[in-house]
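Just below is one structure, and these are the notes that go with it.
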There are 2 protein chains.
Amino acid sequence: MKKRMQTLAKKRLIDFLSDRKLRLTSQRDFILKHFLDTEGQLTAEELYELLKKRDETIGHATVYRTLRLFVNAGIARELHLGDGSVRYEADIEGIRKGYLVCSECGKRVEFSDDEMDSLGKRLSKEHGFSIDNRSVVFFGICPDCQQNGMR
Amino acid sequence: MKKRMQTLAKKRLIDFLSDRKLRLTSQRDFILKHFLDTEGQLTAEELYELLKKRDETIGHATVYRTLRLFVNAGIARELHLGDGSVRYEADIEGIRKGYLVCSECGKRVEFSDDEMDSLGKRLSKEHGFSIDNRSVVFFGICPDCQQNGMR
DNA sequence: ATGCCTGCAAAATCTTTGCAGTAGA
DNA sequence: TCTACTGCAAAGATTTTGCAGGCAT
């Protein structure tokens, strides 16, 4: 299943690239593979650091450029979870998620936000937008931080 | 009603400041007044430019620091609407909004996201978080951009 | 008077861009 | 071969921080 996701994503990337006469380079392949292997949500910087361990020669800009490419190809999703940086996660078809984020320690909990589908449809109809993405984030304080009384 | 909002926000600021032995300075008062006067959602930079017109001496950092203060005081809300910058809007009690954003031209449409309340409550119960804010954003292409076939 | 607050400028982040060489198709 | 792609470094953009003086309480 993990494997299947990898295959689908790669297929999607190849289709996207060949449609636009772009190229599947070893770097793009390498970044895709490790990006899909990660759990959770990474910043471009975090992914870069992670890749750097496996391949010293990978460039900073390449990671940024490739992540944007992945977003355009529908392979990655961009997230803003309130910590001031942009995070990316695999855009697995049919699986949309919402996030519950602790403002204190940054802890993230994912939840299914399927019930947003109908809201999306209604908004689309009401305002004539073609909707292709959404971001649902709740902010609060997690149980641990409440207990420790930090603040 | 506009007036009433101003009064409430100022009261809230004063309470927040005195609770923490912070001070109500002329700059904070000045920034609050003009921040509440603006419609829509501003970046710190936009607010700075706007304030600069009224008072040449206002400092860059002061605007950034004050907006963060407003967020902590519950007077302002921080928004990430996908254009890469942080935006702020007045946090008027009882009024929560969601946003529909055009990925092409940046056009923003606000909608009531009251139906998220129950989801928030459920998440709070399930995960033990105390939830105090949320961000609901839909991305898509607005009717105008669909017509002009930009992309 | 105390010490929080301000403006300035420099620093720190994070991200993008220009360029010369490299390598897919 | 042709031109997109890469790594590097520099530039950009946005936000934060250090500091000396100013001002609210």
Side-chain angles (χ1 to χ4, degrees), chain A residues 10 13-35 41-73 76 78-88 106, chain B residues 10 13-35 41-73 76 78-88 106:
Chain A
K10 185 152 176 182
L13 177 60
I14 290 173
D15 287 350
F16 179 86
L17 293 172
S18 60
D19 271 3
R20 295 155 208 244
K21 306 209 182 308
L22 302 180
R23 293 165 186 173
L24 178 62
T25 62
S26 65
Q27 287 90 340
R28 286 174 180 173
D29 195 33
F30 170 74
I31 295 174
L32 178 63
K33 181 163 153 260
H34 292 293
F35 173 64
Q41 303 76 33
L42 298 176
T43 64
E45 200 56 37
E46 287 166 358
L47 182 59
Y48 169 72
E49 290 302 334
L50 198 150
L51 294 169
K52 196 85 182 176
K53 286 183 198 156
R54 309 248 180 181
D55 177 0
E56 266 299 328
T57 71
I58 193 80
H60 212 147
T62 302
V63 178
Y64 277 88
R65 283 186 285 229
T66 303
L67 278 173
R68 203 187 325 162
L69 179 78
F70 287 177
V71 171
N72 290 333
E78 208 182 287
L79 308 172
H80 298 263
L81 302 180
D83 64 346
S85 53
V86 180
R87 294 185 171 274
Y88 296 87
Chain B
K10 185 151 173 180
L13 178 59
I14 290 173
D15 287 350
F16 179 85
L17 293 173
S18 61
D19 271 3
R20 293 154 209 246
K21 306 211 183 307
L22 302 179
R23 293 166 187 172
L24 178 61
T25 63
S26 64
Q27 287 90 340
R28 286 174 179 173
D29 195 34
F30 170 74
I31 295 174
L32 177 63
K33 181 163 153 260
H34 292 293
F35 173 64
Q41 303 75 33
L42 298 175
T43 64
E45 200 55 36
E46 287 167 356
L47 182 59
Y48 169 72
E49 291 302 334
L50 198 149
L51 294 169
K52 196 85 181 175
K53 286 183 200 156
R54 309 247 180 182
D55 178 359
E56 266 299 328
T57 71
I58 193 81
H60 213 144
T62 303
V63 178
Y64 278 88
R65 282 186 285 228
T66 303
L67 278 173
R68 202 185 327 161
L69 178 77
F70 287 178
V71 171
N72 290 333
E78 210 182 287
L79 308 173
H80 298 264
L81 302 180
D83 64 345
S85 54
V86 180
R87 293 184 173 275
Y88 295 88

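Chain naming here is simple, since letters A, B, ... match the order of the sequence lines and numbering starts at 1 in each. Small disclaimer: the values here were computed from a predicted structure and weren't measured.
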Separation of atom CZ in A:Phe70 from atom P in D:dC5, rounded to whole Å: 13 Å

Spacing of A:Leu22 atom CG relative to D:dC2 atom C1', expressed in whole Å: 15 Å

Separation between CD of B:Gln41 and OH of B:Tyr88, rounded to the nearest 0.5 Å: 13.5 Å

Gap between atoms CG and P, on A:Leu51 and D:dT6 respectively (whole Å): 13 Å

Plane angle bin for B:Tyr48 and B:His60 - parallel if under 30°, tilted between 30 and 60°, otherwise perpendicular: parallel

NZ/A:Lys52: more than 12 non-hydrogen atoms of other groups inside 6.0 Å: yes

Atom pair CG (A:Asp29) and NZ (A:Lys10), whose distance is rounded to the nearest 0.5 Å: 3.5 Å

Touch class at under 4.0 angstrom, heavy-atom based, for A:Ser85 against every strand present: nothing

Base of D:dG7 paired with side chain of A:Arg65 (donor-acceptor, under 3.5 Å): yes

Residue closer to the 5' end of DNA chain C, B:Glu56 versus A:Val86 (nearest nucleotide): B:Glu56

Among C:dT16, D:dG7, C:dG24, the one nearest A:Arg68 by side-chain distance: C:dT16

A:Ala61 side-chain proximity, nearest of D:dT15, C:dT15, D:dC8: D:dC8

A:Thr62, nearest nucleotide to its side chain (from C:dT15, D:dG7, D:dT17): D:dG7

Listed nucleotide nearest any side-chain atom of A:Thr25, set C:dG7, C:dC14, D:dC5: D:dC5

Side-chain donor/acceptor of A:Arg23 to base of D:dT3, under 3.5 Å: yes

Most 5' of A:Thr43 and B:Val63 on DNA chain C, judged by nearest nucleotide: B:Val63

Sugar-phosphate only, base, or nothing, as touched by A:Arg20 at under 4.0 Å among non-hydrogen atoms: nothing

B:Glu45, nearest nucleotide to its side chain (from D:dT16, D:dT15, C:dT16): D:dT15

